[in-house]
Amino acid sequence: MQGNDQQTDNGAVLRSGREILLQAFNWESHKHDWWRKLEKKVADIAKSGFTTAWLPPPTNSFAPEGYLPQNLYNLNSSYGSEQLLKALLEKMKQYNVRAMADIVINHRVGTTQGHGGMYNRYDGVPLSWDERAVTSCTGGLGNRSTGDNFNGVPNIDHTQHFVRKDITAWLQWLRKNVGFQDFRFDFARGYSPKYVKEYIEGAKPIFSVGEYWDSCNYNGHFLEYNQDSHRQRIVNWIDLTGQLSAAFDFTTKGILQEAVKGQFWRLRDPQGKPPGVLGWWPSRAVTFIDNHDTGSTQAHWPFPSDHIMEGYAYLLTHPGMPTVFYDHFYDWGNSIHEQIVKLIDIRKHQDIHSRSSIRIFEAQPNLYSAIIGEKVCMKIGDGSWCPAGKEWTLATSGHRYAVWQK
């Protein structure tokens, strides 16, 4: 019976579309006794209105950030001990904030040298796989990869039945024994999305999101207006997970961070819709403006820092499922924290969700405005604009943004 309950949970969350995520770490968090630090913030995370907090990879890893896992069943990491992690998860459960585990199953660092002198065996730890578990393209005796290679470390061959059986059992353990409820699939380009479908069906997370990140369409350094092929690849990935997983809306991030520099015309596609995944499949689009890769100290593709509140005014009033980045929420000062909380509050009170309707009024170089769910109106940019009609009252405003409600 329990299995069915959890399966309906997964569907129910996607149907409801009322998720608001917090990415609860950055690239440097492993240096800061993180599980203990986060536990002190759980009450504030809950009060602010987040449904889910995405945590860094919880398992033993060759690199301190957690993205080069080795012993998947060892929960002592640079973020803290297993005991501290379980205390954090228990506290989150009390406050009704779901814990999202960062699932790194594309690659795994070997423990011993095998075939060809490569570290492609996993002896002496649980999931003691041999070279057949590693793709032939990354030094193993398995099949070729079903996706793109993550270079420099052994990539896991998901075509092997024993590998999938072991990964599913580990995911079930994270769900049932450890206390994670949601999954974020790291480097989802690395293996076929049909395996994500199998893992979700096997472990039954309440909510899943995949990181399908490839480059937007550029002409030199200029971002092209039409990003349909980019969002189509993300949509195809979601589709092939059996529609069970959402995906991060990298298309929206790429377009929005150029739009806020005075190119707001980018925010309306030729069909009059939002130009990212949220314009095509909002119930599976997890929007964000920065994460531990794009922002933080890595800054691979950062959102312009003097425009982040315009970014959040867009995300938190629009369809899709918005994500707030830890740094912006906790490290950029009280004013930003309060402004974001206010926007979340408006979203919740006006019941804006992933499938809310949207009508775009203006998409000019210096002004974007839209009405969402017929209940919230917003504008971003330097241009002046306000909705016609006495039924609208100003709900909040800040530097280059304003939001009205009925």
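Atom set for the values below is all heavy atoms of this structure, side chains included, hydrogens, waters and symmetry mates excluded.
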Is the Lys NZ or Arg CZ of Lys273 less than 6.0 Å from the centre of Trp280's six-membered ring, within 45° of the axis?
no
When you measure from the centre of the six-membered ring of Phe162, is the NZ or CZ of Arg132 under 6.0 Å away and within 45° of the axis?
yes
If we only count heavy atoms from C-beta on, is the Phe185 to Ile200 side-chain gap below 4.5 Å?
yes
Can you confirm whether Pro57 sits close enough to Val104 that some side-chain heavy atom of one is under 4.5 Å from a side-chain heavy atom of the other?
yes
Test: Lys379 cationic atom under 6.0 Å from Tyr401 six-membered ring centre, within 45° of axis
no
Considering only heavy atoms from C-beta outward, does the side chain of Phe180 approach that of Arg175 to under 4.5 Å?
no
Would Arg98 and Thr52 count as a side-chain hydrogen bond (donor to acceptor under 3.5 Å, both in side chains) here? Give the steps.
CA-CA 4 Å; Arg98 298 200 311 274; Thr52 293; 3.2 Å; yes
Cut-off 3.5 Å, side chains only: do Asn366 and Asp382 have a donor facing an acceptor?
no
Audit row: Glu258, Lys261, salt bridge (Lys or Arg N to Asp or Glu O under 4.0 Å) steps and yes/no:
CA-CA 6 Å; Glu258 294 304 317; Lys261 298 172 189 168; 3.2 Å; yes
Are Leu223 and Asn217 close enough, and set up right, to give a side-chain contact (heavy atoms from CB on, under 4.5 Å), and what steps lead you there?
CA-CA 6 Å; Leu223 182 75; Asn217 309 325; over 6 Å; no
OH-OG distance between Tyr199 and Ser245, expressed to the nearest 0.5 angstrom
14.0 Å
Atom pair CD/CH2 of Gln23 and Trp54 - distance to nearest 0.5 Å:
3.5 Å
If you round to the nearest 0.5 Å, how far is SG of Cys377 from CH2 of Trp385?
3.5 Å
NZ or CZ of Arg189 within 45° of Trp213 ring axis and under 6.0 Å:
no
side-chain contact (heavy atoms from CB on, under 4.5 Å) with Asn106: which of Ile156, Asn155, Thr135, Asp148?
Asn155
Can you tell me how far CG of Asp130 sits from CD of Gln160, rounded to the nearest 0.5 angstrom?
8.5 Å
Within 45 degrees of the ring normal and closer than 6.0 Å to the centroid, is that where the cationic atom of Arg108 sits relative to Trp129?
yes
Might you confirm whether atom CZ of Phe62 has over 12 heavy atoms from other residues, nucleotides or ligands at distances under 6.0 Å?
no
Tell me if the centroids of the rings in Tyr326 and Trp34 come within less than 6.0 Å of each other.
yes
Assert yes or no for the condition that the ring centre distance of Tyr314 to Tyr368 is strictly below 6.0 Å.
yes
Starting at OG of Ser283, measure out to CD of Glu19 and round the result to the nearest 0.5 Å.
12.0 Å
Arg266 NZ/CZ over Tyr225 ring centroid, <6.0 Å and within 45° of normal:
no
